[in-house]
Protein chains: 2
Amino acid sequence: MSKGLKQTKSRLLILDVLDKADKPLTAEEIYWLIQNEEDPINLSTVYRTLEVFLNKNIVQIPLMKDGNKASYILNRDEHHHYLVCDKCHTMIKIDFCPFDEFEKQVEQLTSFTILKHKLELFGICPKCQRERK
Amino acid sequence: MSKGLKQTKSRLLILDVLDKADKPLTAEEIYWLIQNEEDPINLSTVYRTLEVFLNKNIVQIPLMKDGNKASYILNRDEHHHYLVCDKCHTMIKIDFCPFDEFEKQVEQLTSFTILKHKLELFGICPKCQRERK
DNA sequence: ATGCAAATGCAAATCATTTGCATCTAAAAA
DNA sequence: TTTTTAGATGCAAATGATTTGCATTTGCAT
């Protein structure tokens with residue numbers, strides 16, 4: 001395993017689950033998905049692993065929360081954002097991001113060094129518009 | 001009090017504290033700020049009031065969290081974003097937002113109707129840069 | 001193979017937030 | 001103004017996500 005981490009079964013399983021996921025997963029969701037696999041793994045381990053992965057920048061927590069639980073995604077070093085439907089919570093990825101220029105302006109204005117940004121868009125998806133939900 | 005709410009001392013105090021604040025406040029910060037004022041008020045009341053205010057759109061929760069506590073700001077119907085220092089959590093308001101054009105593009109691309117967006121920038125503030133914390 | 005630092009399981013602790021319930025109070029009705 | 005009552009509050013206990021202490025296990029460097 002990269003970044004000076006021991007390669008353990010739990011960590012590989014968690015990475016695998018996150019890799020296959022098509023949406024951000026909570027610690028508990030990861031936990032249950034792994035129960036369905038071969039070897040059980042403790043919920044504390046999931047939390048501890050996710051924290052290590054966060055520190056190593058292997059995973060990220062996007063802005064949206066599922067209730068008050070944090071969700072995690074693999075950091076694929078692609079930069080993108082999510083668009084979330086307020087009605088049905090459909091979540092789609094937006095693959096472009098025009099904010100480099102904006103960040104430069106803010107850096108000049110504030111003297112901060114900007115490291116990252118999080119953006120999320122909320123609206124109504126086409127399906128819900130049709131169904132007037 | 002507007003929006004069909006009873007005008008109570010707690011609610012007026014909470015509104016006042018939020019109005020005077022120059023940054024998002026957690027429920028507990030609001031609670032302590034009010035202890036310093038004349039009349040004490042219960043922490044549950046702060047939480048309950050904030051929830052009512054949220055539903056009435058009188059306050060909003062910006063994206064950033066102080067640790068894992070939610071922060072609240074008065075909804076002033078101004079649109080702006082926050083810049084947060086990763087080290088000392090200093091939080092400053094950015095008063096301009098260039099994303100209308102971007103939203104239009106995303107609407108065309110996805111057929112979503114976009115209602116709002118949340119953006120947050122993270123970096124290191126000038127003070128922490130100097131102190132190399 | 002051996003030793004050790006790091007990882008894990010388990011149970012208990014933590015901490016923000018919520019809730020049940022008895023009491024109180026703003027404001028509508030009389 | 002007094003009465004009425006739905007909604008607001010205080011208090012203590014419950015909840016639920018996340019963290020932590022500690023004993024045990026396991027990668028992996030020697």
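Each chain gets a letter, A, B and so on, in the order the sequences are listed, and its residues count up from 1.
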Nearest-Å distance for atom pair CG/P, residues A:Leu5 and C:dA6: 11 Å
B:Asn42 side-chain N/O to D:dT9 phosphate OP1/OP2 under 4.0 Å: no
Separation of C:dA7 C1' from A:Leu50 CG (nearest whole Å): 14 Å
Whichever of B:Thr8 and A:Leu43 has the more 5' nearest nucleotide on DNA chain C, that residue is A:Leu43
State the NZ-CD1 distance between B:Lys69 and B:Ile61, to the nearest 0.5 angstrom. 14.5 Å
Between C:dA27, D:dT9, D:dT18, which nucleotide gets closest to the side-chain atoms of B:Gln7? C:dA27
Atom-to-atom span, CG of A:Leu12 to C1' of D:dG27 - whole angstrom: 12 Å
Looking only at atom types and distance, does a side-chain atom of B:Gln35 sit under 3.5 Å from a main-chain N or O of B:Ile41, one as donor and one as acceptor? yes
From CD of A:Glu51 over to P of D:dA17, roughly how many Å is that when rounded to an integer? 18 Å
Atom CG of B:Leu54 and atom C1' of C:dT18 are separated, to the nearest Å, by 14 Å
Using side chain to side chain contact (heavy atoms under 4.5 Å, CB included) as the criterion, point out the one residue from B:Ile14, B:Asn42, B:Leu43 that pairs with B:Tyr31. B:Leu43
Using atom NZ of B:Lys9 as one end and atom P of D:dG7 as the other, report the distance to the nearest whole Å. 21 Å
Any N or O donor-acceptor pair linking the side chain of B:Arg48 to the base of C:dG20 at under 3.5 Å? yes
Is any side-chain N or O of A:Lys6 closer than 4.0 Å to OP1 or OP2 of C:dA7? no
Rounded to whole angstrom units, what separation is found between the CG atom of B:Leu25 and the C1' atom of C:dA16? 16 Å
D:dA29 pairs with which nucleotide, Watson-Crick or G-U wobble, both distances below 3.5 Å? C:dT2
Would you tell me if any nitrogen or oxygen in the side chain of A:Tyr47 comes within less than 4.0 Å of OP1 or OP2 on D:dT19? no
C:dT8, OP1 or OP2 - any side-chain N/O from A:Ser44 closer than 4.0 Å? no
Partner of A:Leu74 by side chain to side chain contact (heavy atoms under 4.5 Å, CB included), out of A:Val17, A:Leu25, A:Leu15: A:Leu15
Less than 4.0 angstrom from a charged side-chain N to a carboxylate O is my criterion; do B:Lys9 and B:Asp16 meet it? no
Report the distance from atom CG of B:Leu13 to atom C1' of D:dT9, rounded to the nearest whole Å. 13 Å
